[in-house]
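First the proteins, then the strands, lettered A, B, ... as listed; each starts at 1.
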Number of protein chains: 2
Amino acid sequence: MERQTTIKDIALALRISTSTVSRALRDAPDVGIETRKAVKALAEELDYQPNKLALSLLKKQTNTIGIIIPNLDYVLATMVKGIDEVALEAGYTVMVCQSDESFGREMVNTKRLLDSLVDGFIISVSSETMVFDHIKKIQNKKIPLVLFDRVINNISVPKVRLDNVEGGRIATKHLIDQGYKNIALLAGPENLNISNERKEGYLETLKQNKIKVDKNLIIHCDFNQEYAKVATRELLTGKNKPDAIFAISDRLAIGAMTVIKELGLSIPKEIGLVGFNNEPITQLLTPSISSVEMYAFEIGKATAKIFIEMMHSEVDMSEKEIVFKPKLFIRESSNRIRK
Amino acid sequence: MERQTTIKDIALALRISTSTVSRALRDAPDVGIETRKAVKALAEELDYQPNKLALSLLKKQTNTIGIIIPNLDYVLATMVKGIDEVALEAGYTVMVCQSDESFGREMVNTKRLLDSLVDGFIISVSSETMVFDHIKKIQNKKIPLVLFDRVINNISVPKVRLDNVEGGRIATKHLIDQGYKNIALLAGPENLNISNERKEGYLETLKQNKIKVDKNLIIHCDFNQEYAKVATRELLTGKNKPDAIFAISDRLAIGAMTVIKELGLSIPKEIGLVGFNNEPITQLLTPSISSVEMYAFEIGKATAKIFIEMMHSEVDMSEKEIVFKPKLFIRESSNRIRK
DNA sequence: AACAAACCCGAAAACGATGCCGGAAAGGGT
DNA sequence: ACCCTTTCCGGCATCGTTTTCGGGTTTGTT
């Protein structure tokens with residue numbers, strides 16, 4: 001690693017002071033036209049790059065955003081892409097840390113990012129996260145923070161998320177409209193907010209349509225894909241056999257689909273199926289899977305925008321919450337009434 | 001954002017010098033037991049965190065690795081996870097930038113990371129990248145660099161990658177062993193190394209088995225999933241209809257599978273299918289898809305290990321190349337001879 | 001000719017930490 | 001009582017940059 005040319009080198013070579021060089025490079029007013037030219041020419045020639053560390057130390061800001069996410073699945077990767085795009089545009093660089101759905105690693109990551117002196121945080125909490133001391137620590141230090149996707153309620157901080165309850169509603173409503181009467185729910189981990197919200201929408205819609213809820217038709221399973229198969233098998237061989245399944249993620253839906261086919265049931269005739277996330281792959285399968293679009297990219301962008309706004313203005317945004325409305329894409333897996 | 005407590009605050013409060021505080025905190029030898037205790041106690045109380053920027057400026061190293069990748073699909077996300085794990089362990093933090101398969105963005109990213117003063121680079125080049133000035137720039141500055149997955153040949157730098165030719169071979173050989181005679185290739189973009197290497201393995205194996213190559217059976221298509229469907233339709237309705245398809249990625253394979261089913265052909269009886277990457281989803285589909293495992297996580301870890309090694313030793317590793325051997329997982333989509 | 005006003009530029013402090021060097025105080029030996 | 005070691009600590013430079021303040025030279029005006 002070779003020594004970078006510094007402002008001092010230029011100053012020395014031109015027999016002027018570092019202050020002058022600094023001003024010349026930044027087009028400050030009081031510097032002679034001649035010196036300015038000379039400085040710029042030499043800077044170009046020596047491939048001078050200002051040292052960001054020195055600047056950060058002085059200005060007390062690093063132009064870096066710390067992002068903590070539970071993993072890098074399709075949805076989160078897409079969201080990160082959205083964040084990245086906006087952040088880059090605004091001159092920020094992001095540091096992405098995966099908590100791997102572990103609370104411990106989430107804490108370690110906050111600590112690391114904290115003493116990497118990031119300017120702020122953008123976080124989606126892990127499914128294990130039930131206590132929020134690390135979040136509060138960030139707040140106490142008055143460091144900008146935005147939560148997204150998997151947010152925490154009862155905490156005063158800007159949030160960007162999907163209306164998951166609505167997502168649960170539209171999926172369930174659609175299945176009812178298609179004439180399914182016995183709708184099962186493949187839910188995620190018990191304490192995961194987004195899962196429970198979708199479940200809430202499901203329950204609500206069933207009640208609204210005077211369909212009684214059968215607890216045996218609701219199965220919580222991990223996002224591990226094998227669980228989905230086991231759960232589905234359980235459902236379809238139980239005493240109260242469902243005629244439709246609403247899965248809380250496309251991965252779960254795909255697992256369910258496999259089992260349904262294995263059992264020789266036809267989709268959508270005998271069993272209807274709706275997923276969540278609208279991953280591209282849902283369109284590629286046979287049958288294609290109906291799914292709820294959650295606008296991951298847009299959520300990412302909106303999150304970053306709020307963050308940037310927080311950095312640039314002094315107004316309190318701690319109560320701000322942006323909620324995206326989901327949209328159902330109806331495909332073969334649930335469309336048995338011709339339209 | 002509140003002011004962090006600094007070494008100076010502690011020094012002032014204890015009426016000692018900053019140097020003493022610094023030494024006390026780092027357990028340096030020449031500092032009295034009493035002062036040491038006092039310093040540590042106060043540091044604890046004030047929640048003192050050393051300022052990394054100041055340290056980095058002084059030591060000229062940031063403990064940060066810049067990672068540039070074309071996107072965040074399953075394979076790369078898995079690799080990044082591997083890198084992350086090893087890097088974290090060694091005290092490094094990673095900055096991940098996506099080039100989005102664009103050469104321009106790859107250059108912009110290198111520049112950004114370069115003047116973020118990362119300690120080194122870990123790069124997988126975009127499919128557009130045909131000129132390597134940015135890579136050479138890194139080398140000229142003598143900054144550690146490791147290429148992985150999509151590497152560049154004819155360039156003297158450590159690399160970690162899969163033996164893609166072998167991957168092409170085992171997939172093709174397997175299809176031949178299963179009695180398929182007319183094997184098509186769904187390849188990736190024309191100038192993508194990994195794609196061409198897999199193709200090479202395919203061609204080589206055909207020749208070795210005295211099967212003549214039909215150029216019409218080789219279709220290059222983008223990783224965009226829709227292309228795969230178009231290409232497959234083209235293949236299966238052309239004059240020389242293949243009885244098997246080797247797809248260079250699972251996504252392409254899934255697209256192909258959809259079309260095969262649409263056309264009413266049975267898998268694996270009439271058409272055999274093998275994918276690449278061994279994504280978890282290949283096991284979930286019906287039929288499950290045979291696929292070549294590329295050990296993404298391990299490749300990520302190996303890459304990071306080489307990087308760390310480069311940082312800690314002075315030996316030249318520019319010729320080092322770690323090549324992982326792929327392994328075929330045989331599933332329903334290509335298994336028509338009972339075993 | 002004298003004085004004000006531009007116009008340029010340099011010195012020095014500051015950001016937070018480390019590390020070398022030198023010096024004061026304390027202790028031990030003769 | 002003197003000298004020589006330890007032991008412990010403070011001063012200062014350093015990393016690369018910005019910024020404030022002040023001073024010198026030139027130009028222009030009356």
Side-chain angles (χ1 to χ4, degrees), chain A residues 1-40 42-43 46-64 91 114-119 141 143, chain B residues 1-40 42-43 46-64 91 114-119 141 143:
Chain A
M1 205 147 24
E2 280 181 353
R3 215 180 126 277
Q4 279 279 19
T5 61
T6 76
I7 222 173
K8 214 182 282 181
D9 299 325
I10 300 182
L12 220 58
L14 260 43
R15 301 179 169 284
I16 57 181
S17 77
T18 59
S19 356
T20 306
V21 176
S22 169
R23 275 179 301 225
L25 288 173
R26 281 170 307 117
D27 283 319
D30 46 350
V31 50
I33 179 79
E34 288 302 323
T35 27
R36 183 187 312 260
K37 267 193 202 163
V39 167
K40 288 203 173 181
L42 191 56
L46 298 181
D47 188 34
Y48 166 77
Q49 300 291 13
N51 184 313
K52 273 201 179 173
L53 288 176
L55 246 177
S56 294
L57 181 58
L58 197 58
K59 297 288 186 59
K60 293 172 178 312
Q61 68 166 9
T62 53
N63 287 306
T64 301
L114 221 37
D115 54 41
S116 280
L117 297 172
V118 295
D119 287 345
K141 288 183 189 278
I143 298 176
Chain B
M1 206 151 15
E2 280 181 353
R3 215 181 128 277
Q4 279 279 20
T5 62
T6 75
I7 221 173
K8 211 182 285 181
D9 299 326
I10 300 182
L12 219 59
L14 260 43
R15 302 180 169 282
I16 56 181
S17 78
T18 58
S19 355
T20 306
V21 177
S22 170
R23 275 179 301 226
L25 289 173
R26 280 169 306 118
D27 282 321
D30 45 348
V31 50
I33 180 79
E34 288 300 324
T35 25
R36 181 187 313 260
K37 266 193 201 162
V39 168
K40 289 203 171 181
L42 191 55
L46 298 181
D47 189 33
Y48 166 77
Q49 301 291 13
N51 184 312
K52 272 202 180 175
L53 289 177
L55 249 177
S56 294
L57 182 59
L58 195 59
K59 298 288 187 60
K60 295 176 180 310
Q61 69 165 13
T62 53
N63 287 305
T64 301
L114 220 37
D115 54 42
S116 280
L117 297 171
V118 295
D119 287 344
K141 288 183 190 278
I143 298 176

Report the distance from atom CG of Leu58(B) to atom CG of Asn51(B), rounding to the nearest 0.5 Å. 11.5 Å
I want to check something: taking the side chain as every heavy atom from C-beta on, are Leu14(B) and Leu42(B) in contact at a cut-off of under 4.5 Å? yes
Considering only residues two or more places apart or on different chains, which pairs with a residue in residues 25-34 of chain B satisfy side chain to side chain donor-acceptor pair (under 3.5 Å)? Ser22(B)-Arg26(B), Asp27(B)-Arg36(B), Asp27(B)-Lys40(B)
Where along residues 18-27 of chain A does a heavy atom fall under 4.0 Å from DNA chain D? Ser19(A), Ser22(A), Arg23(A), Arg26(A)
Value in whole Å for how far the C1' atom of dT17(D) lies from CD of Gln61(A): 14 Å
Just checking Leu58(A): base, sugar-phosphate only, or nothing, at a heavy-atom cut-off of under 4.0 Å? base
All heavy atoms of Tyr48(A) vs all of Thr6(A), minimum pair found to be CE1-C, 3.7 Å
List in chain and number order the residues that pass side chain to side chain contact (heavy atoms under 4.5 Å, CB included) with Asn63(B), two or more places apart in sequence or in another chain; answer none if no residue qualifies. Gln61(B), Tyr92(B), Asp119(B)
Side-chain donor or acceptor of Thr62(A) paired with backbone N/O of Leu117(A) under 3.5 Å: yes
Looking at every non-hydrogen atom in both residues, tell me the closest pair between Thr20(A) and Val31(A) and how far apart they are. CG2-CG2, 4.1 Å
Tell me: CZ of Arg3(A) to P of dC15(D), nearest whole Å? 8 Å
Could you check Asp30(A) against Pro29(B) and say which one's nearest nucleotide on DNA chain D is further toward the 5' end? Pro29(B)
At a 4.0 Å cut-off to heavy atoms of chain A, the contacted part of DNA chain C spans dC8(C) to dG16(C)
Measure the shortest side-chain to side-chain distance between Ile16(B) and Val39(B) over non-hydrogen atoms and say whether it is less than 4.5 angstrom. yes
On a heavy-atom basis, which atom in Gln4(B) and which in Asp9(B) lie closest, and how many Å separate them? O-OD2, 4.0 Å
End-to-end axis angle, where each axis spans five pairs of the helix from dA1(C)-dT30(D) to dT30(C)-dA1(D), to 10°: 70°
Does Leu57(B) or Thr35(B) map to a spot on DNA chain D nearer the 5' end, using the closest nucleotide for each? Thr35(B)
Please find the pair of heavy atoms, one from Ser56(B) and one from Leu53(A), that lie closest to each other, and give the distance. CB-CD1, 3.6 Å
Considering every strand and a 4.0 Å limit on heavy-atom distances, what is the contact class for Glu34(A): base, sugar-phosphate, or nothing? nothing
Heavy-atom closest contact (Leu25(B) atom, Ala43(B) atom, distance): CD2-CB, 3.9 Å
Where along residues 7-16 of chain A does a heavy atom fall under 4.0 Å from DNA chain C? Arg15(A), Ile16(A)
Work out which heavy atom in Leu114(B) is nearest to a heavy atom in Lys141(B); give both atom names and the distance. CD2-CE, 4.1 Å
Here the gap from Leu57(A) atom CG to Lys52(B) atom NZ, rounded to the nearest 0.5 Å, amounts to 15.0 Å
